[in-house]
Number of protein chains: 2
Amino acid sequence: MSEKQPGLRERTRRAVTAEIAASAQRLFVERGFEATTIDDIAGAVGMSQRSVFRYFATKEDIVLGKFDLVMEDMLTALRQRPPGEEVWTSLRHVLDVLISASEAPDKQALVEPIHRLVFETPTLLAGYLQKLQYMQDAVVVLLQDRAEAAGRPYDTADPAPRALTAAAFGCLLAAQHSWLASDAKSTFADAVDRAMATIGPRA
Amino acid sequence: MSEKQPGLRERTRRAVTAEIAASAQRLFVERGFEATTIDDIAGAVGMSQRSVFRYFATKEDIVLGKFDLVMEDMLTALRQRPPGEEVWTSLRHVLDVLISASEAPDKQALVEPIHRLVFETPTLLAGYLQKLQYMQDAVVVLLQDRAEAAGRPYDTADPAPRALTAAAFGCLLAAQHSWLASDAKSTFADAVDRAMATIGPRA
DNA sequence: GTCTAACGTGTCAGTCACTGACGACTTTGA
DNA sequence: TCAAAGTCGTCAGTGACTGACACGTTAGAC
């Protein structure tokens with residue numbers, strides 16, 4: 001059992017990370033993202049500004065950081081789809097990972113306010129879109145690999161896989177808007193379904 | 001002739017703005033966006049840092065600023081489409097405005113390097129995506145107005161118009177990638193056509 | 001033509017996100 | 001038990017940006 005647990009060091013690190021994120025997000029939701037300084041956050045958790053930056057690379061990351069983990073899961077999910085599956089279908093299943101992640105029961109109460117925060121704060125929106133874009137880059141690479149493995153590779157400059165991917169993620173954003181517009185009354189998954197039903201690949 | 005010309009003041013303002021943009025973009029392409037400071041730019045055009053910020057709100061804006069004008073034109077173009085036209089068709093025509101704007105003969109030589117700069121610089125990519133997102137917000141509003149005027153309004157939380165719009169702009173991004181991947185050999189308009197041919201609205 | 005109000009500019013000081021370096025303290029593992 | 005490694009606060013510094021002030025220029029009324 002050389003690797004039994006994450007180790008004490010790693011555990012405390014995660015605990016501190018979570019505590020900073022929790023305090024910061026509360027402040028962000030209360031006062032707004034821009035109006036909250038790193039010093040405010042550092043003060044709220046009783047540490048120095050420098051130490052906050054030892055846990056989060058940027059202020060943005062305090063809000064958007066956990067997204068990276070979800071994105072990893074999404075890529076893993078895509079890799080596990082059957083190679084011959086319709087691209088559009090695979091993409092729908094990839095989004096399912098994000099959906100279930102945002103339905104995590106632990107802090108359900110924060111999901112909607114954080115969502116709104118991201119869409120209402122220009123900086124955060126930009127960062128979120130950027131992350132989604134890089135995610136799409138990774139997805140496109142996987143799709144290209146998959147097509148090549150199936151014996152019908154895409155041309156190097158073929159915009160098709162990226163167009164499909166971008167459309168799917170566009171549906172995600174449309175669904176998020178729709179979900180927020182309905183005051184989170186309907187299911188998020190339902191919004192994604194409705195969005196993805198409006199467009200699709202051409203035969 | 002009370003409003004003959006933009007006036008001397010306005011003219012010099014535009015000239016200085018253009019000069020700063022030209023110098024800055026040269027530096028950005030040479031050294032990279034992050035590696036170029038505002039002081040560098042100010043020095044290159046012989047003015048103070050403070051004055052540069054009197055012409056551009058942010059460093060990002062020096063690169064992405066003119067985009068706002070193109071976006072205005074795109075919205076105007078959308079307003080002039082026939083109200084009964086297929087949404088997807090209208091969107092294709094909206095993108096035409098951007099295409100012809102990037103084919104402007106004046107500084108054709110800069111279009112490709114700037115394009116690459118934006119896609120290779122995380123900050124600029126984020127800012128670009130953010131602008132495109134706000135553009136989509138405006139497009140969606142117009143589409144909703146149009147549908148309402150035609151007597152078949154969208155439901156408030158209907159993700160359809162946003163999904164279609166997002167898909168169209170996703171095709172734009174896919175086309176830009178494809179265009180850059182082919183070393184700008186093919187036409188940009190052609191790349192957009194190919195991207196938009198892969199997906200479309202469902203009956 | 002003159003005068004005044006508006007405008008453009010440089011300078012200075014300040015905020016905020018972020019980074020590197022250092023020294024003190026704590027934990028880990030041989 | 002001791003040395004390597006990790007954590008932390010402090011300090012100093014950079015770079016994007018902002019507000020305030022004083023100075024010179026210019027536009028436009030008269």
Side-chain angles (χ1 to χ4, degrees), chain A residues 1-21 23-25 27-28 31-65 117 121-127 130, chain B residues 1-21 23-25 27-28 31-65 117 121-127 130:
Chain A
M1 298 221 293
S2 57
E3 296 185 28
K4 39 184 172 185
Q5 287 277 337
L8 177 74
R9 219 140 213 175
E10 187 59 24
R11 251 181 298 152
T12 54
R13 175 167 188 85
R14 285 185 210 204
V16 175
T17 305
E19 193 192 336
I20 296 173
S23 286
Q25 285 171 13
L27 290 175
F28 289 157
R31 313 182 192 171
F33 182 76
E34 307 287 358
T36 307
T37 75
I38 300 287
D39 278 321
D40 291 338
I41 298 165
V45 293
M47 54 198 311
S48 72
Q49 191 211 52
R50 193 65 182 88
S51 281
V52 173
F53 281 117
R54 287 188 174 109
Y55 289 91
F56 292 96
T58 66
K59 190 181 172 186
E60 248 183 60
D61 234 42
I62 302 179
V63 178
L64 302 176
L117 185 70
T121 309
T123 315
L124 288 176
L125 179 60
Q130 185 204 19
Chain B
M1 299 220 292
S2 59
E3 295 186 28
K4 37 184 172 185
Q5 287 276 339
L8 178 75
R9 221 137 211 176
E10 187 59 24
R11 251 181 298 154
T12 54
R13 177 168 185 84
R14 286 184 208 203
V16 175
T17 304
E19 193 191 336
I20 295 173
S23 285
Q25 286 172 13
L27 290 175
F28 289 156
R31 312 181 192 171
F33 181 76
E34 307 288 358
T36 307
T37 76
I38 300 288
D39 278 322
D40 291 339
I41 299 164
V45 293
M47 54 197 313
S48 73
Q49 192 211 52
R50 193 67 182 85
S51 281
V52 172
F53 280 117
R54 286 187 175 110
Y55 289 90
F56 292 96
T58 65
K59 190 181 171 186
E60 247 183 62
D61 234 41
I62 302 179
V63 178
L64 302 176
L117 186 70
T121 309
T123 315
L124 287 177
L125 179 60
Q130 185 204 20

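So you know, we letter chains A, B, ... as the sequences are listed, proteins then strands, and number each from 1.
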- prompt: Ignoring hydrogens and geometry, is there a side-chain-to-backbone donor-acceptor pair from A:Ser23 to A:Ile20 under 3.5 Å?
  reply: no
message: With a 3.5 Å distance limit and no angle check, can you tell me whether B:Gln130 reaches the backbone of A:Gln130 through a side-chain donor-acceptor pair?
response: no
Atom [atom1] of [X] and atom [atom2] of [N]: how far apart are they, to the nearest Å?
X	N	atom1	atom2	result
A:Arg14	D:dT7	CZ	C1'	18 Å
A:Asp39	C:dC18	CG	P	12 Å
B:Glu34	D:dG15	CD	P	12 Å
A:Lys59	D:dA16	NZ	C1'	14 Å
A:Ile20	C:dA17	CD1	P	15 Å
B:Glu10	C:dA6	CD	P	18 Å
B:Phe53	C:dC12	CZ	C1'	16 Å
B:Ile62	D:dC17	CD1	P	9 Å

query: What is the nucleic acid contact for A:Thr123, judged by heavy atoms within less than 4.0 Å: base, sugar-phosphate only, or nothing?
result: nothing
message: Regarding B:Thr12, tell me which of base, sugar-phosphate or nothing describes its non-hydrogen contacts under 4.0 Å with the strands shown.
response: nothing
Residue pair [X] / [Y], side-chain heavy-atom distance below 4.5 Å:
X	Y	value
B:Lys59	B:Thr123	no
A:Tyr55	A:Glu19	no
A:Thr121	A:Phe28	no

Rounded distance [0.5 Å steps], CD in A:Gln49 versus CZ in A:Arg54: 11.0 Å
Atom pair OG1/CD1 of B:Thr36 and B:Ile41 - distance to nearest 0.5 Å: 6.5 Å
field: Residue pairs fulfilling salt bridge (charged side-chain N to carboxylate O under 4.0 Å, His left out) with at least one residue in residues 31-48 of chain B, sequence neighbours excluded
entry: B:Arg31-B:Asp40
Can you name the atoms? Protein N/O to nucleotides 8-13 of chain D N/O, anything below 3.5 Å, with the distance.
from: D:dC8; atom 1: OP1; to: A:Tyr55; atom 2: OH; distance (Å): 3.1
from: D:dC8; atom 1: OP2; to: A:Tyr55; atom 2: OH; distance (Å): 2.9
from: D:dG9; atom 1: OP1; to: A:Ser48; atom 2: N; distance (Å): 3.4
from: D:dG9; atom 1: OP2; to: A:Ser48; atom 2: N; distance (Å): 3.3
from: D:dG9; atom 1: OP2; to: A:Ser48; atom 2: OG; distance (Å): 2.8
from: D:dG9; atom 1: OP2; to: A:Ser51; atom 2: OG; distance (Å): 2.3
from: D:dG9; atom 1: N7; to: A:Arg54; atom 2: NH1; distance (Å): 3.2
from: D:dG9; atom 1: O6; to: A:Arg54; atom 2: NH2; distance (Å): 2.6

task: Apply the side chain to side chain contact (heavy atoms under 4.5 Å, CB included) test between B:Phe56 and each candidate in B:Thr17, B:Leu64, B:Val63; give the one that qualifies.
output: B:Thr17
Under 3.5 Å, N/O pairs linking protein and nucleotides 22-30 of chain D:
none

